[in-house]
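The block underneath contains the structure these notes are about, expressed in C-alpha coordinates.
Residue numbers count from 1 along this sequence.
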Amino acid sequence: MSVQSSIKRKTAPDIRARKGKEPIVVLTSYHAHTAVVVDRHCDVILVGDSLGNVMHGFETTVPVTLDMMILQGSAVMRASSQALVVVDLPFGSYEASREQAFQSAVRIMKETQCGSVKLEGGARMGETIAFLVERGIPVMGHVGLTPQSINALGSFRAQGRDEGSWEPIERDARAVSDAGRSPW
(Lines give C-alpha, C1' and ligand atoms only; values in the text may rest on other atoms or scores of the structure.)
Protein backbone atom coordinates (compact mmCIF):
# COMPACT_ATOMS: atom_id res chain seq x y z
CA MET A 1 0.00 0.00 0.00
CA SER A 2 1.25 3.43 -0.92
CA VAL A 3 0.72 6.59 1.08
CA GLN A 4 0.53 9.72 -1.04
CA SER A 5 0.03 13.27 0.05
CA SER A 6 -2.28 15.63 -1.80
CA ILE A 7 0.46 18.26 -2.12
CA LYS A 8 3.55 17.29 -4.07
CA ARG A 9 6.83 18.75 -2.90
CA LYS A 10 8.75 20.62 -5.62
CA THR A 11 11.84 18.88 -6.94
CA ALA A 12 15.08 20.08 -8.50
CA PRO A 13 13.80 19.09 -11.98
CA ASP A 14 10.63 21.14 -11.37
CA ILE A 15 12.71 24.22 -10.55
CA ARG A 16 15.13 23.62 -13.44
CA ALA A 17 12.19 23.38 -15.89
CA ARG A 18 11.17 26.92 -14.91
CA LYS A 19 14.58 28.45 -15.67
CA GLY A 20 14.14 31.47 -17.92
CA LYS A 21 10.36 31.09 -17.97
CA GLU A 22 8.98 32.31 -14.67
CA PRO A 23 10.42 33.74 -11.46
CA ILE A 24 11.45 31.35 -8.71
CA VAL A 25 10.93 32.45 -5.12
CA VAL A 26 13.64 31.36 -2.69
CA LEU A 27 13.43 32.09 1.03
CA THR A 28 15.72 31.09 3.88
CA SER A 29 14.63 29.17 6.95
CA TYR A 30 16.72 27.69 9.72
CA HIS A 31 14.02 26.04 11.81
CA ALA A 32 10.53 24.57 11.83
CA HIS A 33 8.72 27.74 12.94
CA THR A 34 9.81 29.76 9.92
CA ALA A 35 9.53 26.83 7.51
CA VAL A 36 5.82 26.43 8.31
CA VAL A 37 5.22 30.10 7.48
CA VAL A 38 7.30 30.39 4.29
CA ASP A 39 6.57 26.99 2.73
CA ARG A 40 3.35 27.99 1.00
CA HIS A 41 4.86 31.25 -0.30
CA CYS A 42 8.00 29.99 -2.01
CA ASP A 43 9.39 27.44 -4.42
CA VAL A 44 12.67 26.79 -2.63
CA ILE A 45 13.61 26.96 1.05
CA LEU A 46 17.33 27.37 1.64
CA VAL A 47 18.76 26.12 4.91
CA GLY A 48 21.88 28.26 4.76
CA ASP A 49 25.04 28.03 6.79
CA SER A 50 24.34 31.61 7.80
CA LEU A 51 22.40 29.92 10.60
CA GLY A 52 25.77 30.08 12.35
CA ASN A 53 25.49 33.88 12.43
CA VAL A 54 21.74 34.16 12.94
CA MET A 55 21.06 31.35 15.41
CA HIS A 56 24.40 30.62 17.06
CA GLY A 57 26.05 34.04 17.26
CA PHE A 58 29.17 33.14 15.27
CA GLU A 59 30.95 36.03 13.56
CA THR A 60 31.33 33.96 10.38
CA THR A 61 29.86 30.82 8.83
CA VAL A 62 33.18 28.97 9.15
CA PRO A 63 32.41 27.24 12.50
CA VAL A 64 29.17 25.68 11.19
CA THR A 65 29.34 21.89 11.13
CA LEU A 66 27.73 19.20 9.03
CA ASP A 67 25.82 18.04 12.12
CA MET A 68 24.40 21.55 12.61
CA MET A 69 23.22 21.68 8.98
CA ILE A 70 21.62 18.25 9.27
CA LEU A 71 19.83 19.16 12.51
CA GLN A 72 18.36 22.37 11.07
CA GLY A 73 17.71 20.87 7.64
CA SER A 74 15.73 18.04 9.22
CA ALA A 75 13.59 20.50 11.16
CA VAL A 76 12.83 22.50 8.01
CA MET A 77 11.94 19.33 6.10
CA ARG A 78 9.55 18.15 8.83
CA ALA A 79 7.80 21.52 8.90
CA SER A 80 7.46 22.02 5.14
CA SER A 81 5.56 20.09 2.52
CA GLN A 82 5.64 22.04 -0.76
CA ALA A 83 8.97 23.78 -1.33
CA LEU A 84 12.17 22.19 -2.53
CA VAL A 85 14.49 22.25 0.48
CA VAL A 86 18.16 22.95 -0.25
CA VAL A 87 20.73 22.48 2.52
CA ASP A 88 24.16 24.14 2.52
CA LEU A 89 27.32 22.09 2.61
CA PRO A 90 29.30 23.88 5.34
CA PHE A 91 32.92 24.99 5.11
CA GLY A 92 35.35 22.09 5.29
CA SER A 93 32.81 19.45 4.30
CA TYR A 94 33.38 19.45 0.53
CA GLU A 95 36.52 21.30 -0.53
CA ALA A 96 39.16 18.57 0.01
CA SER A 97 37.96 16.27 -2.76
CA ARG A 98 35.03 15.25 -4.93
CA GLU A 99 34.69 12.16 -2.75
CA GLN A 100 34.51 14.22 0.43
CA ALA A 101 31.83 16.38 -1.17
CA PHE A 102 29.90 13.27 -2.21
CA GLN A 103 30.05 11.74 1.28
CA SER A 104 28.91 15.00 2.91
CA ALA A 105 26.11 15.55 0.37
CA VAL A 106 24.88 11.97 0.72
CA ARG A 107 24.81 12.30 4.49
CA ILE A 108 22.82 15.55 4.29
CA MET A 109 20.34 14.12 1.79
CA LYS A 110 19.85 10.84 3.67
CA GLU A 111 19.55 12.37 7.12
CA THR A 112 17.40 15.38 6.18
CA GLN A 113 15.59 13.99 3.10
CA CYS A 114 16.15 17.35 1.39
CA GLY A 115 16.00 17.65 -2.38
CA SER A 116 19.30 19.41 -3.10
CA VAL A 117 22.52 20.69 -1.59
CA LYS A 118 24.27 24.04 -2.05
CA LEU A 119 27.96 24.80 -2.17
CA GLU A 120 30.10 27.89 -2.65
CA GLY A 121 32.52 28.37 -5.49
CA GLY A 122 32.42 28.80 -9.22
CA ALA A 123 34.94 27.43 -11.69
CA ARG A 124 37.08 25.93 -8.93
CA MET A 125 34.14 23.71 -7.90
CA GLY A 126 33.02 22.76 -11.43
CA GLU A 127 34.56 19.29 -11.34
CA THR A 128 33.04 18.60 -7.92
CA ILE A 129 29.60 19.79 -8.99
CA ALA A 130 29.72 17.58 -12.10
CA PHE A 131 30.83 14.62 -9.95
CA LEU A 132 27.87 15.11 -7.60
CA VAL A 133 25.31 15.62 -10.37
CA GLU A 134 26.54 12.52 -12.22
CA ARG A 135 25.80 10.58 -9.05
CA GLY A 136 22.26 11.87 -8.63
CA ILE A 137 22.78 14.79 -6.27
CA PRO A 138 21.16 18.05 -7.39
CA VAL A 139 23.48 20.97 -6.62
CA MET A 140 22.77 24.67 -6.27
CA GLY A 141 25.89 26.75 -6.82
CA HIS A 142 26.73 29.96 -4.99
CA VAL A 143 29.03 32.51 -6.63
CA GLY A 144 29.89 36.14 -5.93
CA LEU A 145 29.91 36.96 -2.22
CA THR A 146 31.06 33.70 -0.65
CA PRO A 147 30.97 33.97 3.17
CA GLN A 148 32.89 30.72 3.68
CA SER A 149 35.91 32.50 2.15
CA ILE A 150 35.90 35.24 4.79
CA ASN A 151 39.34 34.33 6.09
CA ALA A 152 40.87 34.53 2.61
CA LEU A 153 38.98 37.70 1.65
CA GLY A 154 39.40 39.53 4.97
CA SER A 155 35.82 40.77 5.16
CA PHE A 156 32.38 40.46 3.66
CA ARG A 157 32.51 42.63 0.56
CA ALA A 158 29.80 43.19 -2.00
CA GLN A 159 30.78 41.62 -5.32
CA GLY A 160 30.07 42.93 -8.83
CA ARG A 161 29.44 46.55 -7.95
CA ASP A 162 31.20 47.89 -11.03
CA GLU A 163 31.25 46.57 -14.58
CA GLY A 164 34.96 45.77 -14.40
CA SER A 165 34.31 43.12 -11.74
CA TRP A 166 31.47 41.31 -13.53
CA GLU A 167 33.52 39.03 -15.76
CA PRO A 168 34.92 36.69 -13.05
CA ILE A 169 31.46 36.33 -11.47
CA GLU A 170 29.86 35.62 -14.84
CA ARG A 171 32.61 33.07 -15.61
CA ASP A 172 31.97 31.35 -12.27
CA ALA A 173 28.20 31.32 -12.89
CA ARG A 174 28.71 29.75 -16.33
CA ALA A 175 31.07 27.13 -14.89
CA VAL A 176 28.55 26.17 -12.21
CA SER A 177 25.75 26.01 -14.77
CA ASP A 178 27.81 23.92 -17.18
CA ALA A 179 28.90 21.53 -14.42
CA GLY A 180 25.34 21.13 -13.20
CA ARG A 181 23.81 20.16 -16.51
CA SER A 182 22.07 16.87 -15.99
CA PRO A 183 19.43 14.68 -17.55
CA TRP A 184 16.74 15.80 -15.10
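Residues forming a side chain to side chain contact (heavy atoms under 4.5 Å, CB included) with V106 (at least two apart in sequence, or on another chain): F102, K110, I137. A search for salt bridge (Lys or Arg N to Asp or Glu O under 4.0 Å) contacts involving R107 returns D67, E111, not counting sequence neighbours.
Contact record, I45 with A35: CD1-O, 4.3 Å, taken as the closest heavy-atom pair. Between L84 and S116, the shortest heavy-atom distance links the atoms CD1-N, 4.3 Å. The two residues T128 and A101 make their nearest non-hydrogen contact at CG2-CB, 3.5 Å. When every heavy atom of P90 is checked against every heavy atom of V64, the shortest pair comes out as CB-O, 3.5 Å. Contact detail for P138 and G115: the closest heavy-atom pair is CG-O, 3.4 Å. Considering all non-hydrogen atoms of both residues, M55 and Q72 come closest at CE-NE2, 3.7 Å.
For E99, the CD atom is densely surrounded, since the number of other residues' heavy atoms within 6.0 Å is greater than 12.
Of the inter-residue distances, the one linking I108 atom CD1 with D88 atom CG reads 8.0 Å to the nearest 0.5 angstrom. Here CD1 of I70 is found 8.5 Å from OG1 of T65. Values are rounded to the nearest 0.5 Å.
Of the possible polar contacts, none joining the S50 side chain to the N53 backbone as a donor-acceptor pair under 3.5 Å is found. Formation of a donor-acceptor pair under 3.5 Å by the R9 side chain with backbone atoms of S80 is found in this model. For the pair E95 (side chain) and G92 (backbone), a donor-acceptor distance under 3.5 Å is present. Formation of a donor-acceptor pair under 3.5 Å by the Y30 side chain with backbone atoms of G52 is not found in this model.
Side-chain contact between H56 and M68: present, with at least one pair of heavy atoms (C-beta onward) separated by less than 4.5 Å.
V133 and Y94 end up in the same hydrophobic cluster when Ile, Leu, Val, Met, Phe, Trp and Tyr side chains are linked at under 4.5 Å.
Counting only residues at least two apart or in different chains, side-chain hydrogen bond (donor to acceptor under 3.5 Å, both in side chains) contacts with residues 34-48 comprise R18-D43, H31-T34, D39-S81.
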